[in-house]
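Naming convention: chains lettered A, B, ... in sequence-line order (proteins, then strands); numbering from 1 in each chain.
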Amino acid sequence: MKNSVPQVQGRSPARKWLDNNLGLLYILPWIIGFLVFKAYPFGLSLFYSFTDMNFFYGISEYGIMNYIEIFNTAKITKALAVTAQYCLITVPLKLAFALFIAYILNFNIKFVNAFRTAYYVPSILGGSVAIAVLWKALFRDEGMVNTLLSYVGVTGPSWLSDPDYALFIICFLRIWQFGSAMVLFLAALKGVPADVYEAATIDGAGKWKQFFSITVPMITPVIFYNLVTQICQAFQEFNGPYIITNGGPRGSTTLVSLLVYQYAFRQQEMGMASAIAWVMFIICAVLTIIAFTSQKKWVYYSDER
Amino acid sequence: MGMKAQNRIATFFKYFVLLLVGLVMIYPLLWMVSATFKENNEIFSGISLWINNPTLQGYKDALNDYGGAINIIGAMLNTYSYVIPKVICTVISSAIAAYGFGRFNFVGKKVLFSIMISTLFLPQVVLNVPQFMLYNSLGWVDSPFYLAIWFHTLFATETYFVYQLIQFMRSIPVDLDEAAKIDGCGSFKILYKIICPMLMPALVSCALFQFMWSCNDFMGPLLYVATPTKYPMSLFVKLSMDADVGFSWNRVLALSLISILPQLIVFFCAQDQFVEGISAGGVKG
C-alpha cells in the first residue's frame with residue numbers, strides 16, 4: 001500500500017514541503033506587503049520616536065526627550081484631551097442612534113428600503129471633501145442652521161469660530177454617518193427569532209423590557225464589533241477637522257491625527273510626530289485590549305452554548 | 001384608551017421619528033443641490049429648496065480653469081487614474097490572500113492569521129511618517145503615476161477586505177474544491193474557476209467600498225501629490241474652497257457636487273450590494 005501513490009517518489013523534500021504548504025505561496029504577497037508597508041514602518045516609527053529625527057537635518061540626538069516633552073507641552077496634551085472628548089461624544093451617540101433607528105426600522109415599516117438608503121447615503125459620502133465643504137456652508141455665521149434658528153427667534157452662535165462649539169460640529173459630522181453601523185444592527189435584529197418575543201409578550205414583558213433583556217443581549221456580538229471599529233476610526237479622524245476648521249479655533253478641534261500631521265509635514269519634526277502617534281497608538285491599543293478581554297463578560301455568542 | 005388607538009399612536013410615533021431623522025440626513029444634501037442653481041446672494045437668504053432665479057453660473061464657473069494649471073475635468077481624470085488601479089489591485093490581491101488563509105493549512109498559519117487580524121486595528125497615523133520616508137527614498141512622492149497611493153494595494157495591504165473575503169469564503173462548501181481537485185484541477189485553477197465565480201458578490205462589494213473610500217481619500221493625495229496639474233478632485237475642491245469661500249458659494253458647491261456625482265451614481269446603482277456587503281462582513285465579528 002505504501003507505494004500506491006507513485007508520483008510521490010520522485011519529489012524532492014523541498015518540493016514535498018512546498019506541496020504541503022502551498023497556502024504560503026498564496027499569502028506570499030500579503031507577507032511581503034505586511035513586512036514592507038506595515039511592519040517596517042511600524043518599527044521605524046517606534047525608533048524615530050526616540051530620536052529628534054527631522055526631515056531635513058536627520059537625527060542628532062537619541063533618548064526619551066520626545067515623550068517627556070509630550071506631557072509638558074500644553075498643545076499636545078490638549079490634543080489628546082480633545083481626541084478623548086471626541087471619542088466619548090461620537091462613539092456612544094453614533095451607536096445609540098444606529099441601534100435606535102435600526103430598532104424602529106425592524107418593525108414592519110413600509111418603505112423600509114427607502115429609509116435605509118436615506119440613512120446610509122451620508123456614511124458613503126461623509127468622508128469626502130465635498131461634504132466638509134457642505135458642513136462649512138451649513139454652520140457658517142450666516143449659514144443654513146443659523147438662518148433656521150433665526151426663524152424661531154434664536155441668534156445662533158458662530159459655530160465654527162467659537163471654541164465652545166466647533167468640536168461639536170466636527171462630532172456632528174461623524175454622528176451624521178451612523179448609517180453603516182445601523183445597517184449592521186438591522187441585519188443582527190432580523191436574526192433575532194420572532195418566537196422569543198412572542199414568548200416574552202405572553203409572559204407580560206413590555207416593549208422596553210423586551211428591548212433591554214432580549215434584543216440587546218442577543219445582538220451583543222454586533223454591538224461589540226461596532227464599538228471596537230468605531231473607537232479605532234474615531235481616533236484616526238482627520239478630514240473633518242483639517243478641512244472644516246483646520247484644527248482651530250485655538251486648538252479646540254485639533255485631534256491627535258491632525259497634530260501628528262502638523263508636526264511631521266509642516267514642521268518636519270518626524271521624531272516628535274512619531275512619539276505623539278505612538279502615545280495615541282498605545283491608548284488605542286489599551287482600549288481595544290480592554291474591549292476584547294471584557295467581551296467574555298458581556299458578549300453573547302450563540303454558538304458557544 | 002384601547003389597544004388599537006395605542007398601536008396607532010405607536011405607529012405614528014415610529015414614522016414621525018423616521019421622517020424627522022431622515023430629513024436631517026437628507027435635507028442638507030438636497031439643499032446643496034438646490035444651492036448650486038441659486039445666485040450667490042440667494043444661497044444664504046433662506047433655507048428653502050425653492051430657487052427664485054435659477055442660474056447655471058455656478059456650473060459655468062466650476063468648469064473654468066483654476067489658475068491655468070488644472071480644471072475639473074483634469075482633476076476628475078487624475079482621481080480615477082489612481083482609484084481604478086487601487087480598486088483592481090485590492091480586489092485581486094485580497095482574493096488571493098483570502099484564498100491562502102481560507103483554504104490551506106501551512107506552517108505558522110495561526111500566527112500569521114492573528115498578525116493579519118491585528119493589523120485591522122493598526123492606526124494609519126502610526127505608519128504615516130515612515131511610509132512617507134520610504135516613498136520619498138523611492139522617489140514616489142509626487143510620482144506621475146501616484147505610486148505612493150496605490151502600489152501597496154498590490155500586496156493585500158487592505159486587511160479589512162482580506163478578512164471580509166475570508167468570511168465569505170467560509171460559506172462556500174469545500175466539497176466543490178475537492179471535486180475539482182479529483183478532476184485534476186490545480187489549486188490556482190480552483191481559485192479562478194470555482195471560488196471566484198462563487199465569491200463574485202463579495203468581490204463586487206469589496207470593489208464598491210474601495211471605490212468609495214479611495215474617492216473620499218484626502219490624506220493620501222495631500223501627502224503624496226504636490227504638482228497642481230496632478231491634483232485629484234479632493235485636493236482640487238479643497239483648493240477652490242480656500243480660494244472662493246465667501247464670495248462664490250454656488251461655484252464651490254457646484255464643484256463639490258460634481259466631485260461626488262460619480263459616487264452617488266455608483267451608490268444608487270448598487271445599493272443592495274453595499275448593504276449586503278457590510279452586513280455579511282461584519283456580523284461574525
Relative to chain B, which segment of I31(A) carries a heavy atom at a distance below 4.5 Å: side chain, backbone, both, or neither? side chain
Let me know if F113(B) has heavy atoms under 4.5 Å from chain A in its side chain, its backbone, both or neither. neither
My understanding is that only residues two or more places apart in sequence, or in another chain, count here; which of them pass side-chain contact (heavy atoms from CB on, under 4.5 Å) with D272(B)? R116(A), E276(B)
Output the option from F235(A), F42(A), Y119(A), F115(A) having the highest count of non-hydrogen pairs under 4.5 Å with chain B. Y119(A)
Using a heavy-atom distance cut-off of less than 4.5 Å, which residues of residues 274-283 of chain A contact chain B? S274(A), A277(A), W278(A), M280(A), F281(A)
Is the closest side-chain heavy-atom distance between Y261(A) and L223(B) below 4.5 Å? yes
Between F267(B) and chain A, which part of the residue has a heavy atom less than 4.5 Å away: side chain, backbone, both or neither? side chain
Sequence-distant partners of L154(B), side-chain contact (heavy atoms from CB on, under 4.5 Å), two or more places apart: C89(B), F151(B)
Let me know if Q271(B) has heavy atoms under 4.5 Å from chain A in its side chain, its backbone, both or neither. side chain
Sort I258(B) into side chain, backbone, both or neither according to what part of it lies under 4.5 angstrom from a heavy atom of chain A. neither
W31(B), part contacting chain A, at a heavy-atom distance under 4.5 Å: side chain
Mind checking side chain to side chain donor-acceptor pair (under 3.5 Å) for S93(B) and listing every partner two or more places apart, or none if nothing turns up? none
Only pairs of heavy atoms separated by less than 4.5 Å count here; which of L25(A), I231(A), I124(A) has the most with chain B? I124(A)
